[in-house]
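Remember, it's a predicted structure, so these values are computed and weren't measured experimentally. Throughout, numbering of the chain's residues begins at 1 and tracks the sequence.
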Amino acid sequence: MNGACLCIDMTETGISVYPDQRPLEEIKAYIKLAGRYGVKYVFSSMFSVEGETQDVLDLFHALDDCTHEAGMKTILDVNHAFLKKVNASPEDLSVFSSIGADCLRMDIPYGNEQDKVLCQNPQGIQISFNASFGLDHIENLVRSGVDPKDILMCHNFYPQRYTGMKWKTFLETNRRLKKDGFPVCAFASSHNEPTHGVWDAKDGLCTVEMMRQEALDLQARLLEAGGCDVVTIGNAYASEEELAALQQAVAPVGDQSNNPVAAMMKKLGNSDDIVLPRAHRIRVLTDDDLCDVEKEILFDFFPHMDVGDSSEWIWRSRMPRFLYAKKNIPARIHKGEMFMPGDVVMVNNSYAHYQGELQIVLMPIVNDGTRNHIGHIREEEMKILQVMDERDALIFIQEKEERQ
């Protein structure tokens, strides 16, 4: 299972396990369950485990074996002291190869020359560096000739409440990393009580503090929109319901070879090589009186995308109006003189040139009768819009009920 590159070409998912805290058979069952929901990576911390050196190595050898049996890869957290403990060094990682490790996450880097040696180890073990540590040393590593695509940048998780990263700092760090082509990993928290983790973690194990109390699937969608290529659950064990929601949150869009928007763009003279935008998922609580056309546009049309020149007042998905120009979208009365931030509206028959256009209200706008109110997006969900690129696409997911 060893290999020099994890080859991440879409948003993928991981779980974390703690073999020093739970029986291996219990962990193995959790890994198998996670595998059924598309999870690719198993993260665990080696340096936080106490005990005799050979006992620790045997423990993680067994973990690597059961991970590989499930068709998944391990990412093992280590530091300088642990490498010394197991008689390893940047020049010799053979002990990790002998237990089947796929990727080592260096909690603290060594320095340019030794880190370069680490990345080019003959055992073919993937190297990951701490994305929350500071990035100057990483940029120096790239200048020395190491390919950024071969290095997984993995953020910290924070067991102690109120100590996670600032959202702004997280986004700025990721933008810098993505500019240089690094894949990025960060952690989200399960709320499946009781959970466990390193250092007696009881309050989740997330990277960004503001996400600690959010539902797992929203954490995942925010992390993905914020530049993460791998979203890993930091604590254990996530529920099956959470694993299913996580899978849905980052699932690829699927085959778009017959997409009507792409066909229309080709017909208008664009290149035959049409690349549809990156898509993010956002939940919407819909009204009860939507007509069939409104439902179809909202949930079945792809891609809902803004072309980058919208105002501060609304986010616009314009393409539906070209394909639904002759469909009937009758006007409905909506109480209130204003539409408010988070409202999802659709232009109706009374403004025929734009009918079918879907819009998300960002600042209060006048309800002039040309738009039907079709749903609402919660404030927490609206953060997706704030962090994704202007020309990225949205996929709307049905919010089942209003959350308190």
Asker: For the residue pair Q219 and H191, what are the closest heavy atoms and their distance?
Answerer: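 Heavy atoms of Q219 and H191 come nearest at NE2-NE2, 3.8 Å.
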Asker: Looking only at atom types and distance, does a side-chain atom of E12 sit under 3.5 Å from a main-chain N or O of V230, one as donor and one as acceptor?
Answerer: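 Side chain of E12 to backbone of V230, a donor-acceptor pair under 3.5 Å: no, none is there.
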Asker: Inspect the contact between K327 and E296 and indicate whether a charged nitrogen and a carboxylate oxygen are less than 4.0 angstrom apart.
Answerer: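 No, E296 and K327 are not salt-bridged.
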Asker: Could you tell me whether the side chain of T67 and the main chain of V42 form a donor-acceptor pair under 3.5 Å?
Answerer: no
Asker: Side chains of D115 and N140: closer than 4.5 Å at any heavy-atom pair?
Answerer: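 Counting from C-beta outward, D115 and N140 never come under 4.5 Å.
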Asker: Does T207 reach the main-chain N or O of F157 with its side chain, forming a donor-acceptor pair under 3.5 Å?
Answerer: no
Asker: Does any non-hydrogen side-chain atom of T232 lie less than 4.5 Å from one of S16?
Answerer: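 SC-SC contact between S16 and T232 confirmed.
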Asker: Which label fits F43 and F187: parallel for a plane angle under 30°, tilted from 30 to 60°, or perpendicular past 60°?
Answerer: perpendicular
Asker: When you measure from the side chain of R332 to the backbone of N348, do you find a donor-acceptor pair of N or O atoms at a distance under 3.5 Å?
Answerer: no
Asker: Do the side chain of S189 and the main chain of L205 share a donor and acceptor less than 3.5 angstrom apart?
Answerer: yes
Asker: For L93 and I125, which heavy atoms make the closest approach, and how far apart are they?
Answerer: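 Closest approach of L93 to I125, heavy atoms only: O-CD1, 3.9 Å.
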Asker: Counting only heavy atoms not in E241, do more than 12 fall under 6.0 Å of its CD?
Answerer: no
Asker: Hey, does V366 have a side-chain heavy atom less than 4.5 Å from the side chain of M338?
Answerer: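 They are in contact (side-chain heavy atoms under 4.5 Å apart), so the answer is yes.
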Asker: Flag the pair K73 and D102 as a salt bridge only when some basic side-chain nitrogen lies within less than 4.0 angstrom of an acidic carboxylate oxygen.
Answerer: no
Asker: Is a side-chain N or O of N192 found less than 3.5 angstrom from the main chain of Y237, in a donor-acceptor match?
Answerer: yes
Asker: Looking only at heavy atoms, which two atoms of T173 and L135 are closest? And how far apart?
Answerer: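 Result for this residue pair: CG2-CD1, 3.8 Å.
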Asker: Look at D309 together with R318 and state whether they make a salt bridge at an N to O cut-off of under 4.0 Å.
Answerer: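 Looking at D309 and R318, the cut-off is met.
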Asker: Taking N174 for its side chain and L171 for its backbone only, find out whether a donor-acceptor pair lies under 3.5 Å.
Answerer: no
Asker: Quick check: do V184 and K178 have side-chain heavy atoms less than 4.5 Å from each other?
Answerer: yes
Asker: Apply the test side-chain hydrogen bond (donor to acceptor under 3.5 Å, both in side chains) to residues Q247 and T13: give CA-CA distance (whole Å), side-chain angles for both, the deciding distance (0.1 Å), then the verdict.
Answerer: CA-CA 8 Å; Q247 182 186 44; T13 55; over 6 Å; no
Asker: Within a 6.0 Å radius of atom CD on E91, are there more than 12 heavy atoms belonging to other residues, nucleotides or ligands?
Answerer: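 Yes, enclosed.
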Asker: Is there a salt bridge (Lys or Arg N to Asp or Glu O under 4.0 Å) between R278 and E224? Walk through the geometry before answering.
Answerer: CA-CA 11 Å; R278 184 181 183 191; E224 186 268 344; 3.3 Å; yes
Asker: Going by side-chain hydrogen bond (donor to acceptor under 3.5 Å, both in side chains), name the residues that satisfy it together with D58, two or more places apart in sequence or in a different chain.
Answerer: Q54
Asker: Evaluate the side-chain proximity of F47 to K85: yes if any heavy-atom separation is below 4.5 Å, no if none is.
Answerer: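 A side-chain contact is absent here, since even the closest heavy-atom pair is not under 4.5 Å.
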Asker: Salt bridge or not for D306 and R316, using N-O below 4.0 Å?
Answerer: no
Asker: Could you walk me through whether N367 and H334 satisfy the side-chain hydrogen bond (donor to acceptor under 3.5 Å, both in side chains) test, starting with their C-alpha distance in whole Å, then the side-chain angles of each, then the deciding distance to 0.1 Å, before giving a yes or no?
Answerer: CA-CA 8 Å; N367 175 13; H334 178 70; 5.5 Å; no
Asker: Between I297 and H304, is there a side-chain heavy-atom distance shorter than 4.5 Å?
Answerer: yes
Asker: Decide, yes or no, whether a salt bridge links D180 with R176 under the criterion of side-chain N to carboxylate O below 4.0 Å.
Answerer: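 No salt bridge links D180 with R176.
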Asker: Which atom names give the shortest non-hydrogen contact between A201 and P159, and what distance separates them?
Answerer: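 Distance-wise, the nearest heavy atoms are CB-CB, 3.9 Å.
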Asker: To the nearest 0.5 Å, what is the distance between CD1 (I138) and CG (N130)?
Answerer: 9.0 Å
Asker: What is the ring orientation for H155 with F170, classed by angle as parallel under 30°, tilted 30 to 60°, or perpendicular over 60°?
Answerer: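 Geometry flag for F170 against H155: tilted rings.
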Asker: Atom NZ in K202, atom CD in E193: separation rounded to 0.5 Å?
Answerer: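 Answer for the NZ-CD pair, K202 versus E193, is 10.0 Å.
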Asker: Using the six-membered ring wherever Trp is involved, compare the ring planes of F96 and F82 and label them parallel, tilted or perpendicular (cut-offs 30° and 60°).
Answerer: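 Because their plane-to-plane angle lies in the 30° to 60° range, the rings of F96 and F82 count as tilted.
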Asker: Please report the closest heavy-atom contact between R281 and V250, naming both atoms and the distance.
Answerer: NH1-C, 4.1 Å
Asker: Are any of the side-chain heavy atoms of E240 and Y37 separated by less than 4.5 Å?
Answerer: yes
Asker: So, for S317 and P303, which heavy atoms are closest and what is the spacing to 0.1 Å?
Answerer: OG-O, 4.4 Å
Asker: Apply salt bridge (Lys or Arg N to Asp or Glu O under 4.0 Å) to residues E113 and K116 and explain how you reach the verdict.
Answerer: CA-CA 5 Å; E113 289 305 317; K116 183 177 180 180; 5.8 Å; no
Asker: Are any non-hydrogen side-chain atoms of S310 and W315 less than 4.5 angstrom apart?
Answerer: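 Counting from C-beta outward, S310 and W315 never come under 4.5 Å.
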Asker: Sub-3.5 Å donor-acceptor pair from the side chain of H68 to the main-chain atoms of L63, do we have one?
Answerer: no
Asker: Taking atom CD of E26 as the centre, does the number of heavy atoms from other residues, nucleotides or ligands within less than 6.0 Å exceed 12?
Answerer: yes
Asker: Would you say the side-chain atoms of E294 pair up with the backbone N or O of C291, donor to acceptor, closer than 3.5 Å?
Answerer: yes
